[in-house]
There are 2 protein chains.
Amino acid sequence: MDRPIDDLTARARIRDAAVRLFGERGIEGASIRDIAAEAGVSSGLVRHHFGSKEALRDACDEYAKERMLEVGEELADAGGVAALDPATLHPRVFPLQLYLVRSMMDGSETATALFLGAVDSIEEWSTAYGIHPTDRRAYAAAMAAIKLSVFVFRDQVSKALGEDITTPAGYARIGQGLMEIFTIPLITEEQAEQLRKRSEEN
Amino acid sequence: MDRPIDDLTARARIRDAAVRLFGERGIEGASIRDIAAEAGVSSGLVRHHFGSKEALRDACDEYAKERMLEVGEELADAGGVAALDPATLHPRVFPLQLYLVRSMMDGSETATALFLGAVDSIEEWSTAYGIHPTDRRAYAAAMAAIKLSVFVFRDQVSKALGEDITTPAGYARIGQGLMEIFTIPLITEEQAEQLRKRSEEN
DNA sequence: CACTTGACTACACGATCGTGTAGGAGTTTG
DNA sequence: CAAACTCCTACACGATCGTGTAGTCAAGTG
């Protein structure tokens with residue numbers, strides 16, 4: 001494990017259980033009692049350590065945020081095109097992604113801030129990379145949403161592939177599918193221009 | 001309105017309210033009483049017409065499915081590249097998309113079947129269109145997930161854009177951002193090939 | 001007229017939720 | 001040694017959930 005030693009305390013087990021259950025079932029779908037049972041403690045201890053469900057979610061937000069930023073820095077060190085390689089996005093971030101998506105959908109400001117930060121990063125990156133979309137902000141926002149989409153629809157995507165995408169193999173497979181969407185141009189610039197004009201007429 | 005005359009009955013109002021609230025708050029987040037209040041009826045009438053919350057959701061699934069397939073046929077008649085134009089995807093399908101995404105995340109088989117059907121369609125279309133991804137199924141699944149991603153993260157995307165994407169203008173803007181992701185190749189075929197080899201080594 | 005039927009409401013039920021309270025067990029601290 | 005503190009459990013509370021039951025009202029129908 002790459003975690004600090006004191007991270008096996010009951011408090012940490014509760015937080016890990018919360019991240020997992022919140023991510024799988026959504027915030028409303030996972031009760032304090034479910035989380036306590038998953039962590040092997042009483043429901044009262046959850047309250048003792050975190051105060052309330054809302055505070056527990058805040059703690060999970062902060063934890064997931066820090067861990068994701070750690071991974072982000074690792075990827076930044078790797079640098080360049082390699083950062084797009086799905087296999088380097090190790091499955092250890094999967095539970096965190098699932099949680100953050102759920103938390104975001106539930107209105108978490110921390111998770112939303114992470115999303116906005118990602119949009120900013122993509123915007124800067126696309127500029128440095130020499131890409132010139134019509135609306136850079138919209139382009140970056142769409143790309144940020146895309147990166148999370150397979151987490152939201154993991155059950156459906158797994159079913160479509162006949163392979164669980166929570167496994168490294170399945171994750172690599174759908175990751176490659178995503179990559180090739182970025183790789184293969186679907187329509188030419190001329191066709192795109194036509195569409196832009198047509199939509200402006202409406 | 002393009003609806004049948006008898007579609008303004010209390011039953012229809014309940015179903016419309018359910019689609020709206022389920023889509024906005026999720027299945028668990030919208031109670032029978034909320035839906036009844038939104039439709040301006042008693043909670044008992046919801047049960048009278050639909051029997052249970054589960055049955056109400058099934059009815060919403062079926063309704064949303066039929067309406068979406070209607071739109072799908074309209075788009076098929078329009079044909080070709082025009083089907084990618086975000087402005088032709090009229091905002092009237094927005095509540096239905098929101099609902100179906102939520103229902104899908106809640107494990108709806110009807111909604112999941114719609115997703116799988118979309119993957120099939122994209123697979124066939126990409127073949128006819130002359131696209132040759134490494135893993136066509138994964139490519140199609142990723143693209144299907146992508147098309148729904150902006151609905152899931154509508155709040156975050158709206159915040160990133162500083163513009164509500166549930167409005168036709170915002171919808172067209174993010175739709176164009178999506179389109180340009182499909183248009184502008186990010187990495188060359190050679191780079192993609194390198195990534196494929198590298199991921200196979202792991 | 002009496003009778004049936006369907007739309008609709010009011011109200012009560014058990015279950016489950018987040019939360020609050022009281023207290024036990026073990027360690028630290030004066 | 002005793003007081004204080006932390007970790008932890010057991011249990012009860014009000015609220016809200018989906019659901020069940022009884023009954024009102026209006027529109028046919030014989």
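Labels below follow one simple rule: chain letters A, B, ... track the order of the sequence lines, proteins then strands, and each chain is numbered from 1.
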**Student:** Would you kindly check if the NZ (Lys) or CZ (Arg) of B:R102 is within the cone defined by 45 degrees around the ring axis of B:F22 and under 6.0 Å from the six-membered ring centre?
**Tutor:**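 Checked: cation-pi criterion not met.
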**Student:** By nearest heavy atom, map B:A30 and A:A10 onto DNA chain D; which one lands nearer the 5' end?
**Tutor:** A:A10
**Student:** Starting from P on C:dA12, measure out to CZ on B:R33 and report it in whole angstrom.
**Tutor:** 13 Å
**Student:** Are A:R15 and A:F50 in a cation-pi setup, meaning NZ or CZ lies under 6.0 angstrom from the ring centre and within 45 degrees of the ring axis?
**Tutor:**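 Not flagged: A:R15 not positioned over aromatic ring of A:F50.
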**Student:** Mind calculating the distance between CZ (A:R11) and C1' (D:dC7) to the nearest angstrom?
**Tutor:** 12 Å
**Student:** B:I32 side chain: which of C:dG18, D:dG18, D:dC8 is closest?
**Tutor:**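 The answer is D:dG18, which lies nearest to the side chain.
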**Student:** Side-chain N or O of B:H48 less than 4.0 angstrom from OP1 or OP2 on C:dC8?
**Tutor:** no
**Student:** To the nearest Å, give me how far apart CZ (A:R57) and C1' (C:dT19) are.
**Tutor:** 18 Å
**Student:** Between A:D34 and A:G51, name the one whose nearest nucleotide on DNA chain C is closer to the 5' end.
**Tutor:**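 It is A:D34, whose closest nucleotide lies nearer the 5' terminus.
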**Student:** Within less than 4.0 Å of OP1 or OP2 of C:dT16, is there a side-chain N or O belonging to A:S31?
**Tutor:** no
**Student:** Rounded to whole Å, how long is the line connecting atom CD of B:E28 with atom P of C:dC17?
**Tutor:**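 Distance, rounded to whole Å: 9 Å.
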**Student:** Looking at D:dT6, I'd like to know if its phosphate oxygens (OP1 or OP2) sit under 4.0 Å from a side-chain N or O belonging to A:H49.
**Tutor:**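 The answer is no; no side-chain N or O of A:H49 sits under 4.0 Å from OP1 or OP2.
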**Student:** Does B:E109, at its CD atom, have more than 12 non-hydrogen atoms belonging to other residues, nucleotides or ligands within less than 6.0 Å?
**Tutor:** no
**Student:** Does any N or O donor sit under 3.5 Å from an N or O acceptor when you compare the side chain of A:R47 with the base of C:dG18?
**Tutor:**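 It does not, because no donor-acceptor pair links the side chain of A:R47 to the base of C:dG18 below 3.5 Å.
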**Student:** Between B:Y171 and B:D164, is there a side-chain donor-acceptor contact under 3.5 Å, judged purely by atom types and distance?
**Tutor:** no
**Student:** Roughly how many Å is it from CD1 in A:I27 to C1' in C:dC17, rounded to a whole number?
**Tutor:** 15 Å
**Student:** Identify whether any heavy atom of B:S42 sits under 4.0 Å from a base atom; if not, whether one sits that close to sugar-phosphate; answer base, sugar-phosphate or nothing.
**Tutor:** base
**Student:** Would the B:F94 and B:F151 ring centres measure less than 6.0 Å apart?
**Tutor:**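 Yes, ring centres under 6.0 Å apart.
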**Student:** What nucleotide among D:dC7, D:dC17, C:dA7 has an atom nearest to a side-chain atom of B:L45?
**Tutor:** C:dA7
